[in-house]
Structures are given as C-alpha cells and as structure tokens.
Amino acid sequence: MAYSVEIDRKWQKKWEETNIYRFDKDNLDKKLYCLEMFSYPSGAKLHAGHWYNFGLTDSWARMKRMQGHNVFHPQGFDAFGLPAENFAIKTGIHPKDSTMQNIATMEEQLKRMGATFDWDYEVITCLPEYYKWTQWIFLQLYKHGLAYRKNAPVNWCPSCKTVLANEQVLDGCCERCSSEVTKKNLTQWFFRITKYSQELLDCLPDLDWPEKTKKIQTNWIGRSEGAEIEFKVADSDLSFRVFTTRADTLYGVTYVVLAPENELVDKITTDTCRRAVEEYRNTVSKVSEIDRLSTVREKTGVFTGAYAIHPLTGERVQIWIADYVLAGYGTGCVMAVPAHDERDYEFATKYNLEVKRVIKGAEGIDDALPFTEDGFLTGSMEFDGISSEEARLAIVKKLESKNAGELKVTYRLRDWLVSRQRYWGSPIPIVYCDKCGTVPVPEDQLPVELPYNVVFTPDGESPLAKCEEFINTTCPSCGDPARRDSDTLDTFVCSSWYFLRYPDNKNDKEAFNRELINKMLPVDKYVGGAEHAAMHLLYARFFTKALRDMGYLDFDEPFLSLVHQGVILGPDGQKMSKSRGNTVSPDEYIEKYGSDVFRMYLAFGFSYVEGGPWSDDGIKAIDRFVNRIERLIIKFASEKGSAGSDQFGSDEKELNYVRHFAIKSATDDIEVFQFNTAIARIMELVNALYKYDALENRNIKLMEDTIKDAILLLSPFAPHFAEEMWELLGGGYSVFNQPWPAYDEKALVRDEVEMAVQINGQVKYKINVSSDADNQQIEEAALTDERADGYIGGRNIVKVIVVKGRLVNIVVK
RNA sequence: GCUCGUGUGGUGGAAUCGGCAGACACAACGGACUUAAAAUCCGUCGGACUAACCCUCCGUGCCAGUUCGAGUCUGGCCACGAGCACCA
C-alpha cells in the first residue's frame with residue numbers, strides 16, 4: 001500500500017491502542033520535558049504555523065525518545081480570552097460552548113498529526129479544575145503582598161472595552177485590535193513583578209535562549225543606575241526627590257520640573273499661577289498618549305510660582321510643570337540641566353530659562369551646548385576638573401553626608417495590571433465587604449465559578465457586575481452581605497503557570513505537588529513564537545520565582561532552553577491571512593499527501609528559526625522523495641531473500657561512508673533544530689542507496705542495515721511512513737522502540753581524500769592523497785604533481801600551507 | 001534618534017574554528033523510455049569570455065582593511081526587518 005493518509009490512520013490507531021507514547025512516571029531520572037507553547041482554540045482550525053511549531057518539535061522529541069530519554073510531551077489549551085467572547089457577541093454562541101467545540105476539533109487535528117503527545121496530561125485553562133488553582137495562586141500572591149489593588153491611570157482600549165497591561169500596548173495602540181489606547185483612572189489589581197526586576201535580569205545570561213529574546217527582556221526591564229536627590233521647596237516644609245543618571249551636572253541645574261500629574265503640584269502652586277497651572281493640566285489630560293509620547297512634538301510647560309532650594313548651592317530655582325516629564329518613571333520629577341540635556345535645552349530656550357555650563361569636553365572635542373556627553377567639571381566648586389564619572393560618585397557622597405540624596409537604581413518595568421473588564425476569564429477570588437473591606441475568598445471555597453448565564457455586551461463595565469447571583473454574596477469573614485470583584489484575570493495569568501500543572505494535572509488537593517514538579521521541571525526544551533518575548537515569557541519567569549519564594553517549588557527558572565520557530569508565509573511571501581486569500585490549509589494537503597509529507601516539507605523547505613514562503617512545488621518534491629524511498633524499499637523487500645555477496649570493496653565502503661555520515665550529521669542537526677540539513681543528508685543517503693542498488697553484485701546484508709538506518713533517521717519526520725516501511729522489512733513493532741542509530745567513526749575515514757591545491761590562495765587543481773598521509777607527504781604530492789610547474793612558473797616558493805583533508809596553499813613570489 | 005539582527009544563483013536554502021562558495025532540493029533546459037501523456041531514469045544548470053570544450057577572469061549588498069587564504073574577522077556606508085523610544 002503506497003503511503004497515504006490511510007497509512008497515517010493505521011498507525012495512529014495502533015499507537016493509541018498500545019499507548020506507546022505514555023509517559024513513564026516511574027523513571028523520572030531520565031525525564032525530558034519537551035513543551036510547545038499551548039494554543040489558543042480560536043474559531044479557525046490548526047494552521048500551518050501550529051504544524052510548524054508542534055510537528056517539528058515533535059520530531060525533535062521523537063529523536064530524544066529513541067535516544068533513550070523519558071520524554072514528557074503534553075498538550076493543552078489556553079482557553080480563556082477575548083476572541084471567544086467577541087465571537088459570542090457577534091453570533092450569540094456562548095464562549096464556553098464555542099471554546100469547548102473548538103478544543104474538540106483541534107484535539108482531533110492534533111491527533112491526526114501523529115505526534116507523541118500524552119493526552120492524559122491535558123490542561124484546559126477555562127475549566128474550573130484548572131482556574132481554581134489560578135485563583136489559589138492569586139490568593140497566595142495576595143497574602144505575600146505580591147498582589148495589590150490601587151487606583152492609577154491605566155491603559156484603556158476603547159474598542160476591547162478593557163484595561164491592558166503595559167506589555168499589551170504597542171506604540172500607543174492595543175496589541176490585539178490596534179485601536180488607540182487612552183488613559184483612565186481606575187482601581188485595579190496589580191502583580192508586583194517589579195520586586196523581581198533585578199533577579200529577572202540576573203538570571204538571563206545563563207539561559208539557553210535566543211540572544212534577541214534576552215535583549216528584549218533586558219530592554220523591557222530597563223535598569224538604569226543613577227541617584228535620587230532631594231530638593232526642598234522654598235518657604236515651606238515640603239520637599240521632593242528627583243532621579244538622575246547625571247548627578248555630575250548637579251551644579252548646572254537652573255530649574256526643576258514636575259510631571260503635571262504630580263500630587264505636589266496643588267500644594268506648591270502660588271495663587272497668581274494657579275489659573276495657568278490648572279489650565280495647563282487640563283490641556284495635558286486631553287492630549288492623547290500617542291501625541292504625548294511623540295519626541296518631535298514641541299515641549300510645553302508652565303511655571304508654578306514656587307521655588308526649590310538647590311541642595312548644594314542653596315540657590316533658588318523655579319519649579320515648573322511640563323508634560324515631557326513622565327509621572328510613572330523614577331520619582332516623576334527631574335532636575336533640569338539645559339546645558340547638558342537636549343530636552344531641557346529645548347525647553348529652556350523656549351521659555352528663556354538660564355543655561356549654565358558645568359561640563360567641558362576633553363581637549364579637541366566639540367562641546368558646543370547642549371553637550372550631553374561625559375567630560376570634565378567646571379563651575380562646580382570643589383569638583384572642578386574631575387571627570388563626569390568620578391563626579392557622579394563624589395557629588396552623591398557629599399549629598400549623602402547632608403542627607404540629601406543617595407545612589408539609586410531605577411527600572412522601567414512596571415507592575416503587571418491583571419484586572420480585565422471582560423467576561424471570559426477567571427474570576428478574581430476577592431469579596432468586598434462594607435465592614436471588613438477587601439476579603440480574600442477562603443481557599444476551601446475555591447473555585448469562584450464563572451457563571452454561565454451572563455449578559456456580556458461590552459459597555460466598559462464588567463459583565464459580571466450585572467450578574468446579580470454572582471456579584472451578591474456574603475462576607476466570608478463576618479457573614480454580612482458583600483459583593484464579589486466583578487473583573488476577571490488577564491489570560492496571561494492562566495498561561496503563567498500551566499507548565500507547572502501539566503505533570504500533576506489531576507491533582508485535586510493542590511495546584512501541583514512540590515516534590516513531583518521539582519523532579520519534572522524546569523522545562524528542558526520550550527518552543528514557541530517570538531512574539532511572547534516580553535509578555536508570556538516574562539510573566540512565567542516571575543510566577544516561577546514568586547512561587548519559589550513562597551515555598552511551593554525549588555527552581556529559579558521555568559524554561560532552560562528556548563527556541564522560536566519562524567513564520568510560514570503565504571506563497572506570495574506575505575503574512576497568511578484570510579483577507580489576502582493566501583492561507584494554506586493543512587487538512588487539504590494531508591488528505592492529498594499524508595501528514596508525513598506535510599511535516600517533512602515543513603522540515604526541509606525552511607530554516608526553522610527563519611520560516612519563509614510556502615511553496616506547492618516544494619511539497620510535491622517531498623511527495624516524490626517519499627515515493628522514491630518506498631520504491632527502493634519495496635524492491636529490496638522482494639529481493640531480500642536472494643543471495644548476495646559478502647564483499648566489502650570500494651562501493652561498499654562508499655555506501656557505508658554516506659550512511660555513517662548521514663547518521664552523524666542528521667543527529668547533530670536535529671539536536672539544534674536544523675531540520676532542513678538533516679533531511680538533506682538523508683536524501684544523500686537515499687541517493688547513495690539507489691546508486692548502490694544499480695550494481696550487479698550487492699552486499700545484501702550491508703544494504704539491509706543501511707536501509708534500516710535510513711528508516712530510523714527518517715522516522716522522526718515521517719513517523720507513520722517509517723512504521724510502515726519498518727514493518728515491511730520485518731522489523732518488530734515499533735520503529736520508535738528502536739535505539740537511535742550510532743555512527744561508526746571508522747566508517748567516516750576514507751582511504752583517499754581529494755584536496756584542493758591553491759597557488760597564492762586560488763584553487764588551481766585537485767589531488768588525491770591517502771587519508772593517513774602527513775603534512776610532509778601532502779606537500780610533496782602537491783608539489784610533485786605534473787600540473788604544479790605550470791602554475792609556479794619558476795617563481796620562488798615562499799611557503800606551503802597544508803590544511804589536512806582540505807587544501808594545500810603554495811605561496812610563490 | 002538609539003540598540004540589535006539580516007543581506008549568498010531564476011527560487012527555497014547549505015557552507016565546522018578563517019580553508020575548494022552554492023550541499024540538498026525546486027524551477028528551467030536537453031536526452032532516454034512511451035503510440036502518446038504522466039510517472040520514472042540520465043545529463044546540463046552563478047556570470048563573463050568561447051562555435052564548443054579547456055583556459056582565464058569576475059562573483060556572497062557596497063567600499064576599505066587584516067591574512068598565505070575572508071560569505072565568515074575589523075572599520076565605514078547602503079537597504080530591509082525587529083526591539084526601545086521625552087525613561088531624566
């Protein structure tokens with residue numbers, strides 16, 4: 001039977017019946033946790049991108065399994081989230097119904113992929129058995145001060161009608177729907193991820209992650225070393241602190257600026273300036289976030305009428321408010337040094353404020369103002385002449401002695417806003433009581449179930465707020481009537497710990513057993529899209545560290561090794577989308593060619609981390625390749641009994657060389673996700689087998705062993721086909737219980753090697769030398785070759801460089 | 001604006017520590033088989049020069065440099081992509 005989707009079904013059935021991919025719980029010493037980022041069960045089916053991620057990671061896992069690892073390879077669904085809810089608003093189909101239906105479809109499709117998933121460990125985040133523990137983790141974070149509620153200006157997406165975390169805002173727009181994000185003052189729940197800023201940074205270097213991803217996280221955390229310096233408000237008891245990385249320019253301060261939102265503004269503004277200040281604050285509040293963050297917009301501000309006292313000189317400097325100072329970073333106040341900061345310079349020029357130079361450039365350096373580089377101090381009293389670098393420490397030291405400042409590290413990372421004014425998510429397990437205030441739901445009352453019958457037309461208010469039987473409850477503490485929190489949790493909360501739940505997904509006593517996950521985690525290989533660099537991957541690291549510090553697990557990082565698959569584009573080289581009409585539907589190709597052909601094309605046609613455009617010609621080529629192998633094996637199976645020779649001459653040596661070279665290369669390449677070159681080596685092996693098969697007198701034993709190795713090498717990419725071929729050759733079930741082939745070092749040594757001979761670095765001719773020849777002999781062979789004199793042409797040989805097995809370079813003059 | 005990444009035939013993509021550029025495929029072209037087509041098999045396949053082969057020369061975005069030797073290392077530039085962006 002020629003390979004087709006029928007073969008797929010035959011072996012999928014057999015695998016299921018024999019439970020071949022069941023994880024062995026009793027052999028944890030050899031465990032290998034291989035994980036793909038779980039998928040969101042959207043209305044559509046599995047797309048080419050899912051296949052690329054899941055199918056090829058499965059190929060990697062299959063090799064690992066054959067190499068003797070006890071592979072843990074679970075699957076699940078990130079099932080809460082906005083698309084299902086929006087779909088419901090449009091069609092009236094309840095999110096729970098559509099989601100569970102989609103999950104059933106995707107499970108079927110995933111099974112048809114023929115992967116090694118052990119479905120016993122499935123996790124679905126929207127089921128109460130799961131989100132009970134999401135809520136439990138929320139309560140632990142709350143107890144340890146890592147979850148808190150505050151009123152703050154937050155990102156609001158007017159189209160999604162919910163708040164967003166900083167990470168979900170791209171260029172001032174909603175990450176999901178691209179609407180412009182506005183600011184809104186709301187009381188919301190936050191997770192204190194900033195407590196881990198430094199550790200999140202410190203652990204990055206040791207992770208086997210793409211450098212780019214580590215860089216993104218480093219930028220996102222944004223560590224900045226500087227100083228906090230105190231300024232007193234003149235004629236008042238008030239004071240405030242500024243954050244600066246340029247304490248060396250302190251003597252150049254000619255005014256200070258507060259963010260318009262700063263609380264101090266009301267208290268210090270003088271009566272004569274009050275109207276102007278109020279007006280300005282009003283204007284600023286109307287400017288959109290995008291405009292406010294624009295660097296090209298002209299800076300504006302107003303004088304408050306108040307003065308601050310310079311901490312070292314005692315001078316009075318004006319206090320301004322201006323919208324180029326951000327309320328949320330540092331202290332929300334800056335000292336302005338127009339001579340040495342471009343923004344301050346622009347502002348000072350516009351409003352005629354003093355510009356005072358305190359830094360000179362080194363000799364020969366253009367230090368025209370504004371001069372923002374390091375240099376040497378001037379006009380800075382006893383610090384004159386020393387370098388910026390020294391001054392930053394010396395000046396802060398002096399401030400310290402006067403109790404007016406100290407060194408300070410600031411991070412750009414903000415706490416993670418987790419409340420969402422939407423329906424389809426995990427309820428927040430908190431009750432508000434008039435008497436007792438904020439009361440956590442007792443653990444034995446979890447889960448706080450998400451009610452089914454809810455009107456979820458989005459109007460900016462949480463749908464749950466309008467569900468009387470949900471919202472009205474009694475206070476767990478005093479028993480009086482009380483109200484539940486009506487928001488739900490950001491779905492990134494659910495996905496921040498699912499990898500911890502997989503190994504212990506049926507545990508109904510705890511989120512996960514500590515002893516078990518200490519053995520099962522960290523994840524050894526994690527594969528998924530690069531778009532999660534600053535969101536999921538950062539949140540999951542935070543959760544792991546927080547759970548560790550709360551005593552629930554004993555490792556520092558969730559994912560030791562990370563790979564991002566590239567993106568498969570449409571045949572036109574554009575991103576696949578329904579509106580472009582360039583999507584590739586895996587199901588159709590699988591019906592036509594079988595799932596192995598589909599998977600193998602994805603492996604061969606692209607550099608894994610790059611991705612690229614889909615090609616129908618490419619998949620046809622793989623179909624031909626599979627047929628070519630099948631013809632060879634069917635022919636061989638029919639001739640297997642016939643007598644062959646046991647000779648081991650040069651033809652056999654050559655075949656054996658290609659065989660072992662393929663084993664070595666494919667093994668190395670699969671290990672590092674270079675599937676395209678691994679398959680190229682297998683193709684070479686098949687070509688060599690064809691060549692050998694055409695000979696009169698063949699060594700049948702060698703041929704059989706070689707074909708079997710070829711099947712084994714192919715099996716991770718074409719699991720169904722490999723089973724079929726293995727069976728055809730009389731191998732026992734299953735090919736996946738065979739050990740991965742090992743290469744023989746001796747077979748890789750050829751009797752003779754071809755080497756290039758260069759004259760002055762240019763290849764002129766080739767010579768064959770015995771592979772055990774030493775450098776002396778190789779040099780001699782190159783020089784005594786009949787072609788040598790023609791190229792040397794009587795010139796002097798300056799030197800001869802021999803690179804064993806590669807080339808000889810004769811340098812002549 | 002700052003930071004990082006990428007740039008190789010008609011196409012997808014290879015190339016170890018600086019060592020024969022273009023593996024493996026696709027497409028194209030020529031041939032064999034066939035009544036014919038499909039399938040299959042064999043051959044050619046970076047460019048210039050050439051009737052053709054050899055030879056020679058050029059060739060990994062561009063310009064320099066280091067080196068016996070550079071796709072690979074260094075400096076500068078160009079293009080594309082990504083991340084950050086009034087972060088004090």
By nearest-nucleotide position on RNA chain B, the 5'-leaning member of A:Lys215 and A:Trp220 is A:Lys215
Just to be sure I understand the rule, does A:Tyr601 reach a base, reach only the sugar-phosphate, or reach nothing, if contact means heavy atoms closer than 4.0 Å? nothing
Using a heavy-atom cut-off of under 4.0 Å over every strand shown, decide if A:Arg414 touches base, sugar-phosphate, or nothing. base
Taking the chi torsion of B:C78, is it syn (within 90° of 0) or anti (everything else)? anti
Pick the C1' atom in B:G9 and in B:C2, then give their distance to the nearest Å. 37 Å
May I ask you to say what A:Glu346 touches in the nucleic acid, namely base, sugar-phosphate or nothing, with a heavy-atom cut-off under 4.0 Å? nothing
I want to confirm an ordering. Mapping A:Tyr690 and A:Arg343 to their closest nucleotides on RNA chain B, which one lands closer to the 5' end? A:Tyr690
Spacing of the C1' atoms in B:C45 and B:G31 (rounded, Å): 15 Å
Check every strand shown and say whether A:Val325 touches a base, only sugar-phosphate, or nothing at a heavy-atom separation below 4.0 Å. base
Nucleotide paired to B:G75 in any strand shown, Watson-Crick or G-U, under 3.5 Å: B:C63
Need one value for A:Thr245: base, sugar-phosphate or nothing, where a base atom within 4.0 Å counts as base even if backbone is also close, heavy atoms only. sugar-phosphate
Chain A vs RNA chain B, heavy-atom contacts under 4.0 Å, first-to-last nucleotide span, 5' to 3', is B:U3 to B:A88
Could you tell me how far B:A23 sits from B:G46 if I compare only their C1' atoms? Round to whole Å. 15 Å
Taking the ring of A:Phe347 and the ring of A:Tyr255, is the distance between their centroids below 6.0 Å? yes
Keeping the roles fixed (side chain from A:Arg541, backbone from A:Leu200), state whether a donor-acceptor pair exists under 3.5 Å. yes
So what does A:Gln758 hit on the nucleic acid, given a heavy-atom distance under 4.0 Å: a base, only sugar-phosphate, or nothing? base
Below 4.0 angstrom, N of the basic side chain to O of the carboxylate: do A:Glu406 and A:Lys408 qualify? no
Partner of B:A23 by Watson-Crick or G-U wobble geometry, both contacts under 3.5 Å, or none? none
In terms of side-chain geometry, is the basic nitrogen of A:Glu639 or A:Arg698 positioned less than 4.0 Å from the acidic oxygen of its partner? yes
Could you pull out all donor-acceptor pairs under 3.5 Å where a side-chain atom in residues 763-770 of chain A meets a protein atom, sequence neighbours excluded?
from	atom 1	to	atom 2	distance (Å)
A:Tyr765	OH	A:Ala782	O	2.8
A:Ser770	OG	A:Asp772	N	3.4
A:Ser770	OG	A:Asp772	OD1	2.4

Can you tell me how far C1' in B:C55 sits from the matching atom in B:U50, rounded to whole Å? 10 Å
Classify the nucleic acid contact of A:Lys299 as base, sugar-phosphate or nothing, counting any heavy atom under 4.0 Å across all strands shown. base
With side chains defined as the heavy atoms from C-beta onward, is the minimum distance between A:Ile670 and A:Phe717 less than 4.5 Å? yes
Does the A:Thr249 side chain pair with the main chain of A:Arg246, one donor and one acceptor, at a distance under 3.5 Å? yes
For B:G12 versus B:A27, give the span between their P atoms, rounded off to a whole number of Å. 15 Å
With rounding to the closest Å, how many angstrom separate the P atoms on B:A21 and B:G59? 12 Å
Within the structure shown, what part of the strands sits under 4.0 Å from A:Gly605 by heavy-atom distance: base, sugar-phosphate, or nothing? sugar-phosphate
Which part of the nucleic acid, if any, lies within reach of A:Asn676 when heavy atoms closer than 4.0 Å are counted: base, sugar-phosphate only, or nothing? sugar-phosphate
When we call it a touch if two heavy atoms are under 4.0 Å apart, what does A:Val334 touch: a base, just sugar-phosphate, or nothing? base
Determine the contact category for A:Asn687: base if any of its heavy atoms lies under 4.0 Å from a base atom, sugar-phosphate if only primed atoms, P, OP1 or OP2 are that close, otherwise nothing. sugar-phosphate
Classify A:Gly611 by what it touches in the nucleic acid, base, sugar-phosphate, or nothing, heavy-atom distance under 4.0 Å. sugar-phosphate
Any base atoms under 4.0 Å from A:Gln217, or only sugar-phosphate, or nothing? Heavy atoms, all strands. nothing
Carefully, step by step, assess A:Asp651 and A:Leu655 under the rule side-chain contact (heavy atoms from CB on, under 4.5 Å). CA-CA 6 Å; A:Asp651 291 326; A:Leu655 177 64; over 6 Å; no
Quick one: look up who B:G83 pairs with, Watson-Crick or G-U, both distances under 3.5 Å, and put none if it's unpaired. B:C2
Taking B:G13 as the reference, what is the distance to B:C17 when you measure between their C1' atoms (whole Å, please)? 23 Å
Paired to B:A48 by Watson-Crick or G-U wobble criteria (both distances under 3.5 Å) is B:U56
For B:C53 versus B:U60, give the span between their C1' atoms, rounded off to a whole number of Å. 28 Å
With syn defined as a glycosidic angle within 90° of 0 and anti as everything else, classify B:G9. syn
Over all strands shown, is A:Phe625 touching base, sugar-phosphate only, or nothing at heavy-atom distances under 4.0 angstrom? nothing
According to ring pair (Phe, Tyr, Trp, His ring centres under 6.0 Å), who are the partners of A:Trp614, at least two apart in sequence or on a separate chain? A:Tyr589, A:Phe598, A:Tyr601
